[in-house]
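Convention: sequence-line order gives letters A, B, ...; per-chain numbering from 1.
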Amino acid sequence: MIKHALRLLSIPVILALGSCCKGGSGGNATLNIAVFHHSKPIPGATVYIKYNATEFPGTDVSAYSDHKQAAGNSNTLTFTGLHCGDYYLYGVGFDSSLVLPVTGGIHFQIKYSDRNHTESTNVPVTE
Amino acid sequence: MHRKIIFSFCLWCCSTGLFAQELFPTSEPASNVPKGVIGARITEESYKEVSLYRNMISCRLMYGLFSKLTVMANFTETNHHGIDFPANLASHTHVGNQTIFTSGNFTRGVVYPYLFTGVDLYAKFRFFTRDGEHRHLRMALYGEWSNVNVAHDEAEPTLMDDTKGYGGGLITTVLKNHLAVSFTTGFILPGKYDGNSPDLAGGPLVPTTLTYGKAWIYNLSFGYLLYPAHYHDYDEPNINVYMEFKGKSYGEASIVQYGIKSVPIQTPLLEAGNYIDVFPGIQTILHSNLRIDFCMGFPLYNQSYAHFYPIYMFGIQRYFFLRKRK
């Protein structure tokens with residue numbers, strides 16, 4: 001009976017050891033981000049990043065770990081020095097054609113196998 | 001040890017011969033797999049959706065961990081859903097300075113490739129047993145966990161083939177002579193699916209989270225041993241007929257897009273619902289071990305939006321007893 005119990009207990013322990021990635025700074029991964037409203041690039045957008053998060057942390061930007069802003073003529077920006085793990089990205093911009101602010105969030109995961117690579121993702125936003 | 005296992009297996013063969021009518025094709029009885037015995041089951045479930053067949057192939061491994069505790073693992077492959085949600089599940093339009101989010105009746109019958117959807121773990125503990133001659137009353141508690149991860153696009157959760165999450169409940173099985181009756185009631189607490197939807201305006205995929213409705217299940221199963229009327233030996237084939245009523249009530253789904261925008265639910269596919277399906281079935285058991293069953297499912301009260309009708313189910317199952325390693 002003890003043997004059976006130990007066998008069963010070993011399964012979650014092995015699974016826990018396998019998931020050793022924790023999103024945060026100090027790593028070697030790079031994340032390139034482009035901000036779009038539908039197919040329209042949003043130049044000058046800001047993206048807030050929350051380390052080790054899979055859920056939307058909220059619209060209060062002080063709850064985020066870091067942020068970057070795209071240049072005024074570009075919709076792309078880059079976070080460098082990231083660990084593998086989970087990140088939540090929250091984009092804030094302005095759609096000049098609608099004359100409306102646009103926002104949107106997305107979860108992104110850097111896999112262990114990509115911990116030294118450059119990854120890319122879009123952050124779709126809406127009004 | 002080896003003799004003990006063979007002895008328990010023989011006892012189980014006897015009980016299988018006598019109580020085979022409680023081996024329901026779609027529901028679990030309160031009885032257990034004997035300690036130390038491994039079972040394997042392959043199930044195929046099909047239904048026609050518009051012009052194509054949706055199939056689920058499931059491989060189940062069972063093990064009698066203790067005399068009162070059975071554990072199971074189901075590995076499932078289906079072409080029910082894809083990785084991304086279908087177009088029109090949720091979308092929005094711009095009217096002046098306003099944005100109107102809608103959820104719609106998306107196209108059914110979309111072709112999806114076969115996907116390994118995940119693993120479903122199940123444990124059943126029999127806590128009450130009252131056995132008599134040709135009769136028994138047994139009760140068991142069960143718990144279930146699933147990590148199935150596909151873009152299921154209806155409110156109704158189903159742990160083994162559509163949604164991840166947890167479940168649990170109570171099984172009560174009564175057997176008297178040739179008739180077995182079993183009632184299962186339980187709950188499903190589904191997880192959500194974080195996926196993407198196509199952007200109808202041609203932009204990048206839209207992050208979409210679908211949270212499925214919590215569900216209650218209530219299944220009533222009848223089984224009747226048709227042949228043989230009296231056993232002469234345990235190699236005699238069994239023929240059993242079944243009538244199973246499978247009911248479910250589930251809550252409304254919720255959709256969030258762009259991480260922040262809640263989408264109103266405007267389609268019955270994602271609304272709360274309840275239904276009862278009926279599954280007549282037939283089964284043969286050869287050499288008190290090899291079990292082959294077939295059943296079909298039809299709507300009896302309301303209908304499920306998670307599948308079409310009729311549903312065809314075919315299953316084949318066999319038990320193996322372990323040899324002690326030297």
Side-chain angles (χ1 to χ4, degrees), chain A residues 1-9 11-12 15 19 32-42 47-50 53-61 64 75-76 86-93 95 97-109 120-127, chain B residues 1 35-36 63-73 84 90-102 119 121-123 125 143 145 147 149 191-209 211 254-263 322 324-325:
Chain A
M1 182 169 170
I2 292 168
K3 267 187 194 173
H4 283 304
L6 285 174
R7 273 181 211 160
L8 281 178
L9 282 173
I11 294 168
L15 289 175
S19 54
N32 290 329
I33 294 167
V35 182
F36 285 95
H37 180 211
H38 297 301
S39 55
K40 199 185 306 168
I42 302 295
V47 172
Y48 297 88
I49 188 168
K50 174 81 173 175
T54 57
E55 305 286 335
F56 178 49
T59 54
D60 178 5
V61 295
Y64 290 80
N75 71 324
T76 62
D86 292 302
Y87 297 90
Y88 201 91
L89 307 167
Y90 176 52
V92 178
D95 189 330
S97 61
L98 289 172
V99 201
L100 283 172
V102 282
T103 58
I106 188 170
H107 162 243
F108 189 81
Q109 186 182 55
S120 298
T121 188
N122 296 311
V123 174
V125 290
T126 189
E127 61 282 0
Chain B
M1 175 72 177
K35 184 181 174 183
Y63 182 56
L65 197 59
F66 306 114
S67 60
K68 291 182 177 179
L69 180 65
T70 299
V71 289
M72 301 183 197
D84 294 326
S91 56
H92 70 269
T93 51
H94 305 285
V95 181
N97 279 352
Q98 280 197 322
T99 304
I100 301 165
F101 278 85
T102 53
V119 182
L121 302 178
Y122 181 102
F125 177 70
W145 171 86
N147 78 340
N149 205 28
K192 60 187 180 181
Y193 184 78
D194 288 312
N196 294 300
S197 297
D199 184 298
L200 299 179
L205 290 168
V206 177
T208 303
T209 300
T211 304
S254 65
I255 306 176
V256 172
Q257 288 201 303
Y258 299 93
I260 50 174
K261 299 288 183 185
S262 189
V263 179
L322 298 174
K324 189 185 176 187
R325 286 179 188 170

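For Leu205(B), the part sitting under 4.5 Å from any heavy atom of chain A is the backbone (N, CA, C, O) and nothing else. Within the 4.5 angstrom heavy-atom criterion, no atom of His107(A) approaches chain B. With a 4.5 Å cut-off on non-hydrogen atoms, Thr103(A) touches chain B through its backbone and its side chain both. When heavy atoms are compared at a cutoff of 4.5 Å, Val125(A) approaches chain B solely by way of its backbone atoms N, CA, C and O.
A search for side-chain hydrogen bond (donor to acceptor under 3.5 Å, both in side chains) contacts involving Thr76(A) returns Ser74(A), not counting sequence neighbours. With sequence neighbours left out, Lys192(B) forms a side-chain contact (heavy atoms from CB on, under 4.5 Å) with Glu55(A), Asp194(B), Thr209(B), Thr211(B).
Atom NZ of Lys68(B) has 12 or fewer neighbouring heavy atoms from other residues, nucleotides or ligands inside a 6.0 Å radius.
In terms of heavy-atom pairs under 4.5 angstrom with chain A, the leader among Asn196(B), Asp199(B), Leu200(B) is Asp199(B).
At a cut-off of 3.5 Å, with distance as the only test, no side-chain donor of Lys261(B) or Thr126(A) sits close to an acceptor on the other residue.
Proximity of Tyr90(A) to Thr59(A): side-chain heavy atoms (C-beta onward) are separated by under 4.5 Å at one or more points.
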